[in-house]
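First comes the structure, then the notes that go with it.
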Amino acid sequence: MDAKKQRIVIALGGNALGNTLPEQMEAVKITAKAIVDLIEEGSEVIVAHGNGPQVGMINNAMAALSREDSSQPNTPLSVCVAMSQAYIGYDLQNALREELYNREIHHIPVATMITQVRVDADDPAFDNPTKPIGHFMTAEQAKTAEEQYGYIMREDAGRGYRRVVASPKPAEIVEIGAIRSLVDSGQLVIACGGGGIPVTRQGNHLKGTGAVIDKDFASELLAEELNADFLIILTAVEKVAVNFGKPDVKWLDDLDTREARRYMDEGHFAPGSMLPKVQAAVKFAESKPGRTALITLLEKAKEGVRGQTGTRIHQ
Ligand code: ADP
Ligand code: MG
C-alpha cells in the first residue's frame, strides 16, 4: 500500500443512482466511471451513498405485501434501509468491478459493507420528526397506521397523509473496524448506504429504529473515522451558490469554514438539500488541519479533485 495516496470518501447523491430499477442499472455505469477515474489518478476511494427513492420503493413494496397477506407483518424502516444497502451495493459493486476490469485493474476487490449507525435515543431530533417517508395515505389509513404501528402521521400539503420520521445525527459507525480493515488492505468499499441502518444501544443489543440518518452526515463521520484527506459530496449541481435561484446568483469556488458559516446563518442553503452538505463539509474541514471538502457534480469529480471545478470548503 502506498502511504502517500490521498484518501477520499465519496458521498453519492440521488442523481448517481436514479429513481427506478432500470434507471439505477444505467446510472451506476456512469457513477462507476467517475469513481474509477479517481482510482486511476492514484487516490484511495471509499463510497457512501443516499437511498431516498430506493428505501421509499422498498417500504411501499413491503407495505403492499402486508396489505395483501395478513400473515406478513409490517417491515420496520431499519430493515428497509438494510435491503436498500444490499440492492444498491449490488448494482454499484457489479458496475465498479466491471469498470476496474475494463481498465485492466485486477488487484482491487470491491465489497459492500452492510452498515449499522448508532444514534442517541435522546437525540433531540426524535422530539421533532420532519422527514416524510413512504406512500400517501387517506385519513383513515393514517389513523390505522398510528394505532397499529405507532407511526407519526402528518398531512402533506393537501395530497394526503404521510409518515414522518426523525433524522438524528450519526453517533457511531458500528462496523467501522471491519470497514477500516478492508480499506487499509486496499479494497474498494461501499459503506454507510442511506446514511446507515439507524440503531440505538440497549445494553449489548442494537435495536433498529424508525429514523433516517442524513447520508451527508454519515459520510462525514465515515471520512473522519477513516482519516480521509477529502470528503467529496457528489450531487446535482456543479457548485454551491449564494442567492441560489435568484438573478444575482453567485457560484462559489472556494470558501473557508468561517465564510461557509456566515452564508449558512444568512440562509443561503436550503434545509434538507444543500444545508446538510455544507454543514457536513464544514464539520469535516474543521475536524483536522489539511482536511478539505468538495461539493460538485458526479461527472466533474475528477476535475474537482484536480482543483478545476466544484466548491471547496477548507479551514
Ligand atoms: P442529493 O441527492 O445529492 O443529496 P439534494 O437534492 O438533496 O441532492 O441536494 C442538492 C440540491 O440542492 C441541488 O440540486 C440544488 O437544487 C439544491 N440547492 C439548494 N440550495 C442551494 C445552493 N445554495 N447552492 C446550490 N444548490 C442548492
Ligand atoms: Mg439530499
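Order of listing sets the numbers, starting from 1, for every ligand and every atom in it.
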For the backbone of D256 and the side chain of E259, can you confirm whether one donor and one acceptor N or O come within less than 3.5 Å of each other?
yes

What is the closest protein heavy atom to atom 6 (O) of ligand 1, and at what distance does it sit?
S273 CB, 4.1 Å

Can you tell me if D229 and Q6 form a side-chain donor-acceptor pair at under 3.5 Å?
no

Provide, to 0.1 Å, the distance between atom 13 (C) of ligand 1 and the closest protein heavy atom, together with that atom's residue and name.
V237 CG1, 3.8 Å

Ignoring angles and geometry beyond distance, decide whether K277 reaches within less than 3.5 Å of ligand 1 through its nitrogen or oxygen atoms.
yes

Tell me which protein heavy atom sits closest to atom 8 (O) of ligand 1, plus the residue, atom name and distance to 0.1 Å.
T235 OG1, 3.3 Å

Atoms of ligand 1 less than 4.0 Å from A241 heavy atoms?
22 (C), 23 (N), 24 (N), 25 (C)

Taking only heavy atoms of G14, which atoms of ligand 1 are found under 4.0 Å from at least one of them?
1 (P), 2 (O), 3 (O)

Could you say whether the N/O atoms of W251 and ligand 1 ever approach to under 3.5 Å?
no

To check your reading of the model: name the closest protein heavy atom to atom 15 (C) of ligand 1, its residue, and the distance in Å.
F244 CZ, 3.6 Å

Contacting atoms of ligand 1, where contact means under 4.0 angstrom from a heavy atom of F269
23 (N)

Give the minimum heavy-atom separation between K33 and R103, together with the two atoms involved.
O-NH2, 3.2 Å

If you take all heavy atoms of T209 and F126, which pair is closest and at what distance?
OG1-CE2, 3.8 Å

Against the six-membered ring of Y151, is R163 placed for a cation-pi contact (under 6.0 Å from the centre, within 45° of the normal)?
yes

So that I know where these two stand, are H268 and F244 an aromatic pair - ring centroids less than 6.0 Å apart?
no

For D254 and R312, run salt bridge (Lys or Arg N to Asp or Glu O under 4.0 Å): C-alpha distance rounded to whole Å, both residues' side-chain angles, the deciding distance at 0.1 Å, then the answer.
CA-CA 5 Å; D254 183 280; R312 269 179 190 243; 5.8 Å; no

Flag, side chain of T115 to backbone of C192, donor-acceptor distance under 3.5 Å
yes

Below 4.0 angstrom from a heavy atom of A236, which ligand 1 atoms are there? Numbered from 1 as shown, please.
14 (O)

Hey, does K215 come in under 3.5 Å of ligand 1, counting only N/O atoms on both sides?
yes

